[in-house]
2 protein chains.
Amino acid sequence: MSNAEPHADDALEAREKILATAARLFAEQGYENTSISQVARAAKVSKALIFWYFETKEKLYRSALRKTLEPYFIDVDDLDGLDESAQITRLIELFAEFVRENVYSVRFFLSLMLQGERQPDEVIRRVSELYGVFRNLLADIIESGRLRGIFRQDCSPKLDAALIMAALDGVLIQNFLSDEFVHEPNELLDHLKSSLLNRLLAASH
Amino acid sequence: MSNAEPHADDALEAREKILATAARLFAEQGYENTSISQVARAAKVSKALIFWYFETKEKLYRSALRKTLEPYFIDVDDLDGLDESAQITRLIELFAEFVRENVYSVRFFLSLMLQGERQPDEVIRRVSELYGVFRNLLADIIESGRLRGIFRQDCSPKLDAALIMAALDGVLIQNFLSDEFVHEPNELLDHLKSSLLNRLLAASH
DNA sequence: GTCTATATACAGATAGAC
DNA sequence: GTCTATCTGTATATAGAC
């Protein structure tokens with residue numbers, strides 16, 4: 001009876017399995033469209049067990065969101081040794097890559113934040129924070145490039161960073177939407193990189 | 001009995017009142033979070049009457065979406081007499097204005113399209129179509145400006161139009177999100193206009 | 001056309017055996 | 001810890017009176 005099966009999913013404790021299943025279903029279908037019964041069926045446990053571990057649907061939801069956020073971070077170490085304009089290119093690529101690797105949950109959090117009006121949620125704060133870090137990093141790089149004379153003197157680090165982020169958002173969101181929006185996903189992203197970078201570089205002499 | 005009251009809401013036929021109420025509630029709360037009972041209460045009719053007119057909740061929903069889309073169009077006549085760069089500025093302003101005037105429903109449709117996977121809905125198609133018209137108009141203007149030597153010869157009308165749209169989306173979406181994202185809503189929009197226009201204008205001599 | 005009353009289904013949540 | 005059985009509320013939808 002006390003044999004632990006090292007096989008695939010069975011090796012997960014029931015609690016973990018519930019959590020993983022719930023995270024997936026909530027992200028795919030939203031809170032209202034996902035019932036405890038459905039989670040129970042998919043995780044192959046009884047409804048009662050879910051309530052045993054998580055007490056209410058709301059608490060299960062929060063725990064699942066927290067789990068989903070775990071892989072959310074930016075690894076920014078590999079910017080060393082690059083000049084400012086290469087750093088910006090790299091950051092844009094990192095961002096795009098991150099979104100590509102987390103399509104489902106990013107899409108989910110985005111629609112969460114759009115509905116808004118909700119809880120001043122820890123989750124929302126966490127995502128905002130990450131976004132802010134990214135934008136500030138970008139602004140710092142632009143400022144540094146401006147001081148070193150690589151970028152035009154009349155650029156505005158904070159605004160330019162915000163604009164790049166906005167354009168990036170726009171491009172990536174288009175990939176989420178109906179296919180009719182997308183011309184060539186990567187073509188537009190490349191255009192964004194070169195176009196906005198050139199704008200910064202354009203010498204004023 | 002056949003007296004028609006010309007007063008405010010009472011003048012609306014029950015059917016219209018149900019439709020208007022439902023459109024508002026669906027847009028504010030989403031489909032799952034809006035019950036027929038709630039619509040009935042808000043529209044001051046009985047649940048049964050709603051089923052009398054619309055048969056199912058699903059059909060009520062579709063009718064309500066169609067009604068919400070009615071004011072969705074762009075009035076593009078006032079571009080006459082402007083040169084290409086002024087036309088672009090004007091178009092950007094029109095787009096921003098449109099979004100500002102339809103915050104609730106735009107936000108709603110956006111989160112609808114994000115959840116995706118749904119019906120290959122007429123609604124989605126309609127919105128995509130409008131968006132496409134806008135982008136193509138922008139591309140045509142850029143092309144025309146390029147031919148007339150106002151814009152740089154090496155610009156790419158379709159890509160530049162797509163980039164402007166993406167940036168515009170990004171900026172406007174930030175206004176939907178948690179306040180922490182917003183620096184100065186209009187400041188960023190202005191920066192977008194001047195920055196991307198300058199990029200097109202930048203002479204190559 | 002509009003209502004009240006009711007049928008039916010399924011949601012979240014609990015009790016209690018094992 | 002995990003289950004079956006059950007409670008309770010509320011949702012969509014229908015029947016039938018007026």
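Contacts of B:Tyr131 classified as side-chain hydrogen bond (donor to acceptor under 3.5 Å, both in side chains), with partners at least two apart in sequence or in another chain: A:Gln174, B:Asp169. Considering only residues two or more places apart in sequence or on other chains, B:Lys193 meets the salt bridge (charged side-chain N to carboxylate O under 4.0 Å, His left out) condition with B:Glu93, B:Asp190. Every residue two or more places apart in sequence or in another chain that forms a ring-ring contact (aromatic ring centres under 6.0 Å, His included) with B:Phe134 is listed here: B:Phe95.
For residues 20-27 of chain B, proximity to DNA chain D is found at no residue, defined as any non-hydrogen atom under 4.0 angstrom from a strand atom.
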Taking protein heavy atoms under 4.0 Å as touching, what does nucleotides 12-18 of chain D look like 5' to 3' if B marks base contact, S marks sugar-phosphate-only contact and - marks none? BBBB---
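Whole-Å rounding puts the A:Arg41 CZ to C:dA11 C1' distance at 12 Å. Summarising the geometry, the separation between CG on B:Asn33 and P on D:dT10 is reported as 15 Å, rounded to the nearest angstrom. Atom P of nucleotide C:dC3 and atom CZ of B:Arg15 are separated by 16 Å, given to the nearest angstrom. Between the CZ atom of B:Phe54 and the P atom of C:dG1 there is a distance of 13 Å, rounded to whole Å. Following rounding to the nearest Å, B:Ile50 (CD1) and D:dA11 (P) show an atom-to-atom distance of 12 Å. The nearest whole Å value for the distance from the CH2 atom in A:Trp52 to the P atom in D:dG1 is 7 Å.
The salt bridge (charged side-chain N to carboxylate O under 4.0 Å, His left out) analysis of residues 37-52 of chain A, with sequence neighbours excluded, yields no pairs.
At a cut-off of 3.5 Å, with distance as the only test, a side-chain donor of A:Tyr72 or A:Ser105 sits close to an acceptor on the other residue. In summary, the side chains of A:Ser111 and B:Gln115 do not present any donor paired with an acceptor at a separation below 3.5 Å, with no hydrogens or angles considered.
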For A:Phe108 and A:Phe26, what are the C-alpha separation, side-chain angles and deciding distance, and is it a ring-ring contact (aromatic ring centres under 6.0 Å, His included)? CA-CA 9 Å; A:Phe108 177 58; A:Phe26 282 138; 7.8 Å; no
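Between A:Leu200 and A:Cys155, the closest heavy-atom pair is CD2-CB, 4.0 Å.
Relative to the side chain of A:Val45, the nucleotides C:dG1, D:dG1, D:dC3 differ in distance, and D:dC3 lies closest.
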